[in-house]
Visitor: 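Mind looking over this structure? Questions follow.
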Amino acid sequence: MCSKGLRAPSEYSSTRRSSRTGDRTPSIRPGQFHVCVIFFGGADCREALSYGIRMAENLAINLSVIRLIAEDEFVSDLVEMKLDVKAIQDLRTIYEDNQRIEYREVVVKDGVETSGVLLALDDEYDFMLVGRRLNSNSPLVAGLTDWSYIEELGIIGDILASSDMKCNASVMVIQQQSIVGD
């Protein structure tokens, strides 16, 4: 397995000019760079979560994981659901006492509420990770597929990168890629 990511850039306001090269680089102090993983479930979201966990190994990174759960979700793939639950349990176990890791669950009815949760994210995040492919039949994204303009970003990545977002974070959309043998 391998993954690919597509980064949707934003204006990064906290920059400084390097005294040696003159380049503009992010000015990051320990615990001051805030990464957010939006978790809906599925292989791509698990991969985004994995990237977030790896990033949080750096002491300069604070990690928030927001898991959106459908109020009336019908489980169509029990194996995928078990993998999602295991990924979240692993996160909780690994970072149980870590003050730089935050995990919360938000229950939503439909795509309208999902969109509301995403659009309400304020400017506390510097970088956001989200999986590209989602179950388009899930109540979490019901009605949102009609409003997705940039297919490469996926339904949620498109919302996060839109000008409607209050948050100026960069967005990385992750897609887990299967390697097919000859």
Side-chain angles (χ1 to χ4, degrees), residues 1-14 25-70 80-108 114-115 117-135 138 140-141 144 150 152-162 165-178:
M1 298 287 219
C2 67
S3 301
K4 59 183 178 179
L6 179 63
R7 183 176 160 268
S10 71
E11 284 295 315
Y12 191 83
S13 59
S14 177
T25 58
S27 177
I28 302 172
R29 293 187 298 273
Q32 296 256 324
F33 193 79
H34 204 155
V35 175
C36 180
V37 175
I38 308 295
F39 188 87
F40 288 86
D44 293 350
C45 283
R46 288 191 303 272
E47 193 72 7
L49 179 61
S50 177
Y51 273 70
I53 290 170
R54 293 270 322 258
M55 291 175 80
E57 291 173 3
N58 183 325
L59 296 177
I61 306 288
N62 287 336
L63 176 66
S64 293
V65 178
I66 303 171
R67 181 179 183 193
L68 280 87
I69 301 171
E80 283 292 316
M81 186 201 64
K82 286 181 179 181
L83 291 170
D84 292 343
V85 169
K86 183 176 179 346
I88 295 298
Q89 286 175 338
D90 289 349
L91 170 76
R92 288 178 165 173
T93 301
I94 293 168
Y95 294 107
E96 191 170 33
D97 297 322
N98 190 328
Q99 298 299 312
R100 295 180 303 104
I101 309 296
E102 171 195 12
Y103 172 79
R104 65 182 165 122
E105 294 180 346
V106 180
V107 177
V108 297
T114 295
S115 178
V117 168
L118 297 174
L119 293 173
L121 295 174
D122 57 14
D123 213 10
E124 68 183 276
Y125 305 113
D126 301 299
F127 193 71
M128 301 181 93
L129 293 161
V130 65
R132 179 178 176 268
R133 296 172 296 187
L134 303 171
N135 178 358
S138 170
L140 290 170
V141 294
L144 295 181
I150 304 173
E152 294 81 10
L153 295 179
I155 298 166
I156 303 305
D158 196 11
I159 292 171
L160 293 175
S162 78
M165 286 294 295
K166 295 177 193 175
C167 185
N168 288 321
S170 292
V171 176
M172 177 159 284
V173 180
I174 302 289
Q175 178 176 327
Q176 188 179 66
Q177 193 68 31
S178 298

Visitor: Please determine whether side chain to side chain contact (heavy atoms under 4.5 Å, CB included) holds for the pair Tyr51 and Val35, giving the CA-CA distance in whole Å, both sets of side-chain angles, and the decisive distance to 0.1 Å.
Guide: CA-CA 10 Å; Tyr51 273 70; Val35 175; over 6 Å; no
Visitor: Please assess Tyr125 against Ile66 for the test side chain to side chain contact (heavy atoms under 4.5 Å, CB included), listing each intermediate value before the final yes or no.
Guide: CA-CA 12 Å; Tyr125 305 113; Ile66 303 171; 3.8 Å; yes
Visitor: Over all heavy atoms of both residues, which pair between Glu124 and His34 is shortest? Give the atoms and the distance, please.
Guide: O-CB, 3.3 Å
Visitor: Give the minimum heavy-atom separation between Ala43 and Glu80, together with the two atoms involved.
Guide: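 Closest pair (atom of Ala43, atom of Glu80, distance): N-OE1, 3.5 Å.
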Visitor: Where is the tightest heavy-atom contact between Gly131 and Ala48, given as atom of each residue plus distance?
Guide: N-CB, 4.0 Å
Visitor: Taking Phe33's backbone N and O only, do any of them form a donor-acceptor pair with Asn62's side chain (distance below 3.5 Å, no angle check)?
Guide: no
Visitor: So does Glu57 have more than 12 non-hydrogen atoms from other groups sitting under 6.0 Å from CD?
Guide: yes
Visitor: Is there a side-chain contact between Phe127 and Ile61 (heavy atoms, below 4.5 Å)?
Guide: no
Visitor: Kindly compute the distance separating CZ (Arg46) from NZ (Lys86), expressed to the nearest 0.5 Å.
Guide: 11.0 Å
Visitor: Would you say Arg67's side chain and Gly41's backbone share a donor-acceptor pair under 3.5 angstrom?
Guide: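 Not at all, since once roles are kept as given, no pair shorter than 3.5 Å links the two residues.
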Visitor: Any donor-acceptor pair under 3.5 Å linking the side chain of Arg100 with the backbone of Tyr95?
Guide: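 Not confirmed, Arg100 side chain does not pair with Tyr95 backbone.
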Visitor: Stepwise, does the side chain to side chain contact (heavy atoms under 4.5 Å, CB included) test hold for Thr114 with Leu118?
Guide: CA-CA 6 Å; Thr114 295; Leu118 297 174; 4.2 Å; yes
Visitor: Hey, are the side chains of Asp84 and Phe39 touching, using non-hydrogen atoms and a 4.5 Å cut-off?
Guide: yes
Visitor: Is the shortest side-chain heavy-atom distance between Ile53 and Val65 below 4.5 Å?
Guide: no
Visitor: Working to the nearest 0.5 angstrom, can you tell me the gap between Leu140 CG and Ile69 CD1?
Guide: 8.5 Å
Visitor: Measure the spacing between CG of Leu63 and CG of Leu49 and express it to the nearest 0.5 Å.
Guide: 7.5 Å
Visitor: Could you walk me through whether Ile38 and Val117 satisfy the side chain to side chain contact (heavy atoms under 4.5 Å, CB included) test, starting with their C-alpha distance in whole Å, then the side-chain angles of each, then the deciding distance to 0.1 Å, before giving a yes or no?
Guide: CA-CA 11 Å; Ile38 308 295; Val117 168; over 6 Å; no
Visitor: Mind checking the NZ-CD spacing from Lys82 to Gln89? Nearest 0.5 Å is all I need.
Guide: 12.0 Å
Visitor: Nearest 0.5 Å please: distance from the CG atom of Leu129 over to the OG atom of Ser64.
Guide: 11.5 Å
Visitor: May I ask you to decide if Asn168's main-chain N or O and Asp123's side chain share a donor-acceptor pair within less than 3.5 Å?
Guide: yes
Visitor: Using the rule given for salt bridge (charged side-chain N to carboxylate O under 4.0 Å, His left out), can you reason through Glu47 versus Arg132, listing the C-alpha separation, both sets of side-chain angles and the distance that settles it, and then say yes or no?
Guide: CA-CA 10 Å; Glu47 193 72 7; Arg132 179 178 176 268; over 6 Å; no
Visitor: Roughly how far apart are Ile156 CD1 and Ser115 OG, rounded to 0.5 Å?
Guide: 8.0 Å
